[in-house]
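Here the structure comes first, spelled out in structure tokens, and everything after it is commentary.
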Amino acid sequence: MKAASFAYVKPRALAEAFELLERPGAKALAGGQSLIPALNMRLSSPELLVDIGALPFREITLEQGVLRIGALVTHSQLEKSEDVARHAPLLAEAVKQVAHPAIRNRGTLGGSLALADPAAEYPACMVALDATLVIAGKSGERLVKAEAFFKGLFEVDLRPGELVAAVEVPAQLKDQRSVFLELARRHGDYAIIGLAAYRGKSTRFVFCGAGPTPVLARRASQAQTLEEAERGLEKDLSPPADLYHSSATKLHLAKVLLQRAWNSLSTSP
């Protein structure tokens, strides 16, 4: 099957991109690793494809303890970045689980976040890190906390004419710990269940593949012992079944990841 016909434009300026994206039936194209297959299967049929690849959202910078990553930074660039490895090691671990090298060379951070696939790694990481998304539009930029950005299944807090411009992540300090874990049928496949875990002033266990959005396991995160956390997880999670795994199986696997993450976070830096 091939995509339905559509118009294509590649703006060179932000103002032009915002104006184009406000048109009915317009859709942004970044790396295209999710959108192009959806077009070919006619799961998405935009009238206008706005290629944002020429826009200036490609920098990784550190300023005043905040790591800012542009939305058009590719998975491979994240994987190779020394700043990401040093200041956001959770992302450095998660990116290794994203698909395969060919896809990592093209796919982008912003594209993954805007798509908001519930099985994707980055949304869970952003919630775990209490990251802030920088949303750009004709009227300027606005900041949205990651937990509020993901609103439902493939639904995010983006208005017509807006784009994810960057994410801002607090740089991880020496006494803080994080770990990303994932279970999949094969490396690079969509996760059966995944866990982004962070321990600093507070602890945050955030699961992907456990609901329509990243799921912050609040009871487990507040627990003082592993046993208490496992009991809390039973109330925090009700993962949907899929073609291969029942809800009970996915909850069991979530507990396995929780145990591994708990032990990892409890190890001295």
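Note that the coordinates shown come from a computational prediction; the quantities given were computed from them, not determined experimentally.
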Quick check on the hydrophobic clustering: are [X] and [Y] connected, directly or via other members, by side-chain heavy-atom contacts under 4.5 Å?
X	Y	answer
Val179	Val206	no
Leu115	Ile36	no
Leu183	Tyr190	no
Leu20	Leu163	yes
Val167	Phe180	yes

Looking only at atom types and distance, does a side-chain atom of [X] sit under 3.5 Å from a main-chain N or O of [Y], one as donor and one as acceptor?
X	Y	answer
Asp189	Arg185	no
Lys250	Gly209	yes
His187	Lys96	yes
Gln176	Leu173	yes
Glu162	Arg159	yes
Arg204	Val127	yes
Ser247	Pro239	yes
Arg177	Ser264	yes

Taking it one step at a time, do Ile135 and Leu143 satisfy side chain to side chain contact (heavy atoms under 4.5 Å, CB included)? CA-CA 6 Å; Ile135 309 301; Leu143 305 179; over 6 Å; no

Working to the nearest 0.5 Å, report the span between [atom1] of [X] and [atom2] of [Y].
X	Y	atom1	atom2	answer
Leu195	Cys208	CG	SG	8.0 Å
Met126	Leu90	CE	CG	8.5 Å
Leu91	Ser178	CG	OG	8.5 Å
Leu251	Phe207	CG	CZ	9.0 Å
Ile192	Thr249	CD1	OG1	9.5 Å
Ser34	Leu43	OG	CG	11.5 Å

Start with the C-alpha gap between Asp51 and Val9, add the side-chain angles, then the distance that decides, and say whether side chain to side chain contact (heavy atoms under 4.5 Å, CB included) holds. CA-CA 6 Å; Asp51 186 342; Val9 64; over 6 Å; no

Distance-only check: which donor-acceptor pairs under 3.5 Å involve side-chain atoms of residues 214-222, not counting sequence neighbours?
residue: Arg218; atom: NH2; partner: Glu147; partner atom: OE2; Å: 2.3
residue: Arg219; atom: NH1; partner: Asp236; partner atom: OD1; Å: 3.3
residue: Ser221; atom: OG; partner: Phe205; partner atom: N; Å: 3.0
residue: Ser221; atom: OG; partner: Ala217; partner atom: O; Å: 2.6

Under the ring-ring contact (aromatic ring centres under 6.0 Å, His included) test, residues paired with Tyr122 that sit two or more places apart: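 Tyr122: ring-ring contact (aromatic ring centres under 6.0 Å, His included) contacts with His75.
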
Could you list all the ring pair (Phe, Tyr, Trp, His ring centres under 6.0 Å) pairs where at least one residue sits in [range], not counting sequence neighbours?
range	answer
residues 50-70	none
residues 20-46	none
residues 226-246	none

Counting C-beta onward and ignoring hydrogens, is there a side-chain heavy-atom pair between [X] and [Y] closer than 4.5 Å?
X	Y	answer
Leu133	Leu113	yes
Ile193	Leu257	yes
Val169	Thr132	no
Pro56	Leu14	yes
Phe150	Pro212	no
Leu21	Pro160	no
Val84	Leu67	yes
Leu35	Leu49	yes

Could you give all pairs that pass the salt bridge (charged side-chain N to carboxylate O under 4.0 Å, His left out) test and reach [range], with sequence neighbours left out?
range	result
residues 82-94	Asp83-Arg86
residues 12-41	Glu22-Lys138
residues 120-132	Asp130-Lys145

Hey, could you give me each pair passing side chain to side chain donor-acceptor pair (under 3.5 Å) that has a residue in residues 58-72? Not counting sequence neighbours.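 For residues 58-72, and leaving out neighbouring residues, the side chain to side chain donor-acceptor pair (under 3.5 Å) pairs sorted by first residue read Arg68-Glu168.
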
Pairs involving residues 101-120, ordered by first then second residue, that meet side chain to side chain donor-acceptor pair (under 3.5 Å) (sequence neighbours left out):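 Side chain to side chain donor-acceptor pair (under 3.5 Å) check on residues 101-120 returns Ser76-Asn105, Glu79-Arg104.
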
Check the pair Gln77 / Thr74 against side chain to side chain contact (heavy atoms under 4.5 Å, CB included), numbers first and verdict last. CA-CA 5 Å; Gln77 288 170 329; Thr74 66; 3.2 Å; yes

Gln33: side chain to side chain donor-acceptor pair (under 3.5 Å) partners, not counting sequence neighbours: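 Applying side chain to side chain donor-acceptor pair (under 3.5 Å) to Gln33 gives none.
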
With sequence neighbours excluded, tell me which residues meet side chain to side chain donor-acceptor pair (under 3.5 Å) with Thr203.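 With neighbours one apart ignored, the set is Arg199.
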
What heavy-atom pair brings [X] and [Y] nearest, and what distance separates the two atoms?
X	Y	answer
Ser44	Leu39	O-CD2, 3.3 Å
Ala54	Pro11	CB-O, 3.7 Å
Ile52	Ala28	CG2-CB, 4.3 Å
Ala114	Val164	CB-CG2, 4.4 Å
Gly161	Phe18	O-CD2, 3.3 Å
Glu228	Gln224	OE1-N, 3.2 Å

Where do Gln172 and His87 land on the side chain to side chain contact (heavy atoms under 4.5 Å, CB included) test, with the steps shown first? CA-CA 5 Å; Gln172 185 167 310; His87 302 294; 6.0 Å; no

